[in-house]
Amino acid sequence: QVQLVESGGGLVQAGGSLRLSCVASGYIFRINAINWYRQAPGKQRDLVAAITSGGSTNYADSVKGRFTISRDNAENTFYLQMNSLKPEDTAVYYCNANVLRIGAMYEGHYWGQGTQVTVSS
């Protein structure tokens, strides 16, 4: 089994910064793509940022230039640095990973439990 655990959420004023972390554990052979999603109350879950195993990144237009996704493969830890936060960034943030487990033939798709980010105006 594979577990993803997020941390780093909280309450911040507009213009502030937060860094979210996601730690993967379990019988992991390789972690491929990593994604961060967010879901605001009453809205669908949207992709915020993505990073491939090779380090290529992609961002939603709404966060380009403000958020940075990164990964530490040695520690199976992934980050979302969020700067210049806006009230509309308020949401529950989820990390998501495509993981090939030890002994598995195909990768699995795993989610963390989510961490709340609240940006006050």
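The closest donor-acceptor contact from the side chain of N96 to the backbone of G112 lies at 3.5 Å or more, if one exists at all. Checked by atom type and distance alone, the side chain of Q81 never pairs as donor or acceptor with a backbone atom of T68 at under 3.5 Å. Proximity of a side-chain donor or acceptor of E6 to a complementary backbone N or O of C95 within less than 3.5 Å is detected. Remark: the backbone N or O of A24 is not paired with any side-chain donor or acceptor of Q3 at under 3.5 angstrom.
Here the CD1-CD1 distance, from I51 to I34, works out to 8.5 Å after rounding to the nearest 0.5 Å. Considering CG of D46 and CD of Q39, their distance stands at 8.5 Å, rounded to 0.5 Å. To the nearest 0.5 Å, atoms CD1 (I69) and OG (S56) are separated by 11.5 Å.
Here the side chains of L85 and L18 are in contact, with some heavy-atom distance below 4.5 Å. Under the 4.5 Å side-chain criterion, counting only non-hydrogen atoms from C-beta, T90 is in contact with Q116. Taking 4.5 Å as the limit, some side-chain heavy atom of M82 sits within range of a side-chain heavy atom of L20. Counting only heavy atoms from C-beta outward, the side chains of V2 and I28 approach each other to under 4.5 Å. In this structure, the side chains of V23 and L4 stay at 4.5 Å or more apart for every pair of heavy atoms.
Follow the hydrophobic side-chain contacts under 4.5 Å out from L100 and you never reach Y106; the two are in separate clusters. V12 and V63 fall within a single hydrophobic cluster, where Ile, Leu, Val, Met, Phe, Trp and Tyr are joined by side-chain heavy atoms under 4.5 Å apart, directly or via other members.
Contacts classified as ring pair (Phe, Tyr, Trp, His ring centres under 6.0 Å) and involving residues 76-101 (residues at least two apart or in different chains) are not found. A salt bridge (Lys or Arg N to Asp or Glu O under 4.0 Å) check over residues 65-76, counting only residues at least two apart or in different chains, returns the pairs R66-D89. Sorted by first and then second residue, the side chain to side chain donor-acceptor pair (under 3.5 Å) pairs involving residues 9-23 (not counting sequence neighbours) are S17-N83. Listed by first then second residue, pairs satisfying ring pair (Phe, Tyr, Trp, His ring centres under 6.0 Å) with a partner in residues 17-71 read Y37-W111, not counting sequence neighbours.
In the model, N98 has no side-chain atom that pairs as donor or acceptor with a side-chain atom of N32 under 3.5 Å.
Of all non-hydrogen atoms in V5 and Q113, the two that sit nearest each other are CA-OE1, 3.6 Å. Taking all atoms of both residues into account, the shortest heavy-atom contact from A50 to N35 is CB-OD1, 3.1 Å. Between V117 and G9, the shortest heavy-atom distance links the atoms CG2-CA, 4.2 Å. The two residues L80 and A49 come nearest to each other via the heavy atoms CD1-CB, 4.0 Å. When all heavy atoms of A91 and A40 are compared, the pair lying nearest together is CB-N, 3.8 Å. Closest non-hydrogen pair, S53 versus N73, comes out as O-ND2, 4.4 Å.
Residues satisfying the side chain to side chain donor-acceptor pair (under 3.5 Å) test with E88, not counting sequence neighbours, are none. Remark: K43 engages no residue in a side chain to side chain donor-acceptor pair (under 3.5 Å) (not counting sequence neighbours).
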Verdict with supporting geometry, Q1 and S25, side chain to side chain contact (heavy atoms under 4.5 Å, CB included): CA-CA 8 Å; Q1 190 59 285; S25 61; over 6 Å; no
